[in-house]
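What follows is a single structure, written as C-alpha cells, with notes after it.
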Amino acid sequence: MAVYAAAAGVLAGVESRQGSIKGLVYSSNFQNVKQLYALVCETQRYSAVLDAVIASAGLLRAEKKLRPHLAKVLVYELLLGKGFRGGGGRWKALLGRHQARLKAELARLKVHRGVSRNEDLLEVGSRPGPASQLPRFVRINTLKTCSDDVVDYFKRKGFSYQGQASSIDDLRALKGKHFLLDPLVPELLVFAAQTDLHEHPLYRAGHLILQDRASCLPAMLLDPPPGSHVIDACAAPGNKTSHLAALLKNQGKIFAFDLDAKRLASMATLLARAGVSCCELAEEDFLAVSPSDPRYSQVRYILLDPSCSGSGMLSRQLEEPGACTPSPARLHALAGFQQRALCHALTFPSLQRLVYSTCSLCQEENEDVVRDALQQNPGAFRLAPVLPPWPHRGLSRFPGAEHCLRASPETTLSGGFFVAVIERVEAMLGRHRMTPAEASAPECTPSPAPKRKKRRRQAAAGAYTLPGT
C-alpha cells in the first residue's frame, strides 16, 4: 500500500533532519494525512524496539532489497499496528514469510527486559524478570555431523568452548562468545542469551537444530535403538521427529502423523534439510490410526506430544497475557483429547515405551492425563523413573508422579514443559530386572537410565566443510 512507502519516506527525512514529522507529512501529497501521521509517529516511537527485532530476526539480511525505513514501518504494522488487516498487498506476503521469527524475537526482547506489554518496552531501564537471559540451545544434528567437528568450527570462528557444564549455574553464567555442552542432554550446545544463529551456515545446512532444552527431552527419553519402528503421533513442526531420526541413525522407520497439511509441508522441508530418510509422513488423525494395522505391528516406541494450551511457551505468555491461565472449558476440552490420544497409543500391541509431553504448565493436561490413562490400564503400564538429576519433577498428585519431569525458565532455563515416560510392565521387567513383586508395587524404585553406547565419530578430524564447499 502507498501509505507504507510514504511513511518510510517521511521517516527517512526526519532521521536525516530534512524537517519535522508534521511538515514532511503535509508536504508528501499523501491523501490521508491523519493516517500517515499516526503511522509515522507510532513507528518512530517504537524505533529502537523495531531496530532490535529486525536485527535479531535477520530480516534485512534475508530480504536484501527491502530498505531499512520501509522495513521498520512494515514490521511496526505487523507486530504493533493493525496487522495488515484489510490490505497490505505484496508487503503482507513478504512479511508473512518472516512473521513467526519476528514475533519470536519480539517475545524474546520482552523476556530479556522483563516486561509483558508492548508499551513497557518504551520504558527506560526495565527491570529484568525471572525468565530473562535464557541461553540459546542448539542441538547438533548427528545425521550430518558430530560434536567434535561443530565445536572445532565454532572455535575457529572466535568462540570459546568451555567444555561440558557441571551444573545449570554454568549455563546461567554464559556471556559473550563462550559456549558449553549441556550437562544432561547429549549433543546439545549452549550459547549466551541473544546469540543469533538463524542465518548461521551450519543451521541453514541442517547441521544444527535450534531447539529448546526441554523440547529435546521427549526423543532423548524415548531412546529408540537403531532399527526400531516408532510412531510420532502429533509430529509437526518436526524438531522432535528429526531428533528421533538422529537417535535411530536413519535405520528403522518413523510413522509421523499430523492433521495440518501446511504444517506437514513445512515439516517435510525441515526433515529434508536435516537429512532424515527414515520417516513416513501422513496427513491423518492419530486417533483414526488402527493399532491392528499390520504396518504398525512392530511399533515398540511412541512419542505423543499432542495439541495443548501452550501455557508454558514464553512467546505465547508474552503475546497473550492470559495464555498461562486458559479457561476451564478450554482445559477440559484439551485434556479430554489428550487423554483419548494417550489411551489410544497404549493400545498398540507391541508398544514397550511411550513418552507423553506437552508445553503446558497445567496439571489438567499433564499429571491428571497420565494418572487417568494409567488407571484405565491397571497393571499393564507404569511410569518409568528417568533422569534423576533433573531438578524439576512432577506435581505430587498420585504415587509415582515424581517420576514425571517439568521444566520452567526459573528451574531449568527453558520454556515450560512436561514429560512422562510410560513403559509396559513386562518391558520394565526386562530393562530393570525387576521381580514381579517389585513390578506390582505402587511406586517404582528409581534406577539410573541405561547408558547409551558412545556414538562413533561421523566425520574425520580436521577442518569442518559445509556441503558444496
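- Listed for the R406 side chain is no donor-acceptor partner under 3.5 Å among the backbone atoms of G394.
- Looking only at distances, a side-chain donor or acceptor of D196 sits under 3.5 Å from a matching main-chain atom of H198.
- The heavy-atom pair separating E284 from L259 by the smallest distance is C-CD2, 3.9 Å.
- The main-chain N or O of S311 is never found under 3.5 Å from a side-chain atom of S360 such that the two would form a donor-acceptor pair.
- Using a cutoff of 4.0 Å between basic side-chain nitrogens and carboxylate oxygens, E199 and R101 are scored as salt-bridged.
- Residue pairs that meet the side chain to side chain donor-acceptor pair (under 3.5 Å) test with at least one member in residues 368-377, sequence neighbours left out, are Q363-D368.
- Defined by atom type and a distance below 3.5 Å, a donor-acceptor pair is missing between the side-chain atoms of T145 and D149.
- Closest non-hydrogen pair, R393 versus P388, comes out as NH1-O, 3.8 Å.
- Of all the heavy atoms in T241 and A256, the pair that sits closest is CG2-CB, 4.5 Å.
- A salt bridge does not link R139 with E187: none of the charged nitrogens is closer than 4.0 Å to a carboxylate oxygen.
- Between the side chains of S408 and T411, at least one donor N or O sits under 3.5 Å from an acceptor N or O.
- For the pair S228 (side chain) and V230 (backbone), a donor-acceptor distance under 3.5 Å is absent.
- Closest of all the heavy-atom pairs between H243 and C216 is CE1-O, 3.4 Å.
- A cation-pi contact, defined as under 6.0 Å to the ring centre and within 45° of the axis, is absent between R136 and F179.
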S309 and E365: CA distance, side-chain angles, deciding distance, side-chain hydrogen bond (donor to acceptor under 3.5 Å, both in side chains) verdict
CA-CA 8 Å; S309 65; E365 299 179 88; 2.6 Å; yes
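- The closest side-chain donor-acceptor pair between S215 and N239, if any, does not fall under 3.5 angstrom.
- Counting only residues at least two apart or in different chains, salt bridge (Lys or Arg N to Asp or Glu O under 4.0 Å) contacts with residues 226-240 comprise K240-D305.
- Residues T142 and A246 come closest through the heavy atom pair OG1-CB, 3.5 Å.
- Of the charged side-chain nitrogens involved, none lies within less than 4.0 Å of a carboxylate oxygen, so that K262 and D260 do not count as a salt-bridged pair.
- Taking the six-membered ring for Trp and thresholds of 30 and 60 degrees, F286 and F257 have ring planes inclined between 30 and 60 degrees apart.
- In terms of heavy atoms, L134 sits closest to A193 at O-CB, 3.2 Å.
- Judged by distance alone, the side chain of N141 and the main-chain N or O of A274 form a donor-acceptor pair under 3.5 Å.
- With D182 contributing its side chain and L189 its backbone, the two residues share no donor-acceptor pair below 3.5 Å.
- Remark: the E402 side chain and the S396 side chain contain no N/O donor-acceptor pair separated by less than 3.5 Å.
- With sequence neighbours excluded, no residue forms a salt bridge (charged side-chain N to carboxylate O under 4.0 Å, His left out) with E364.
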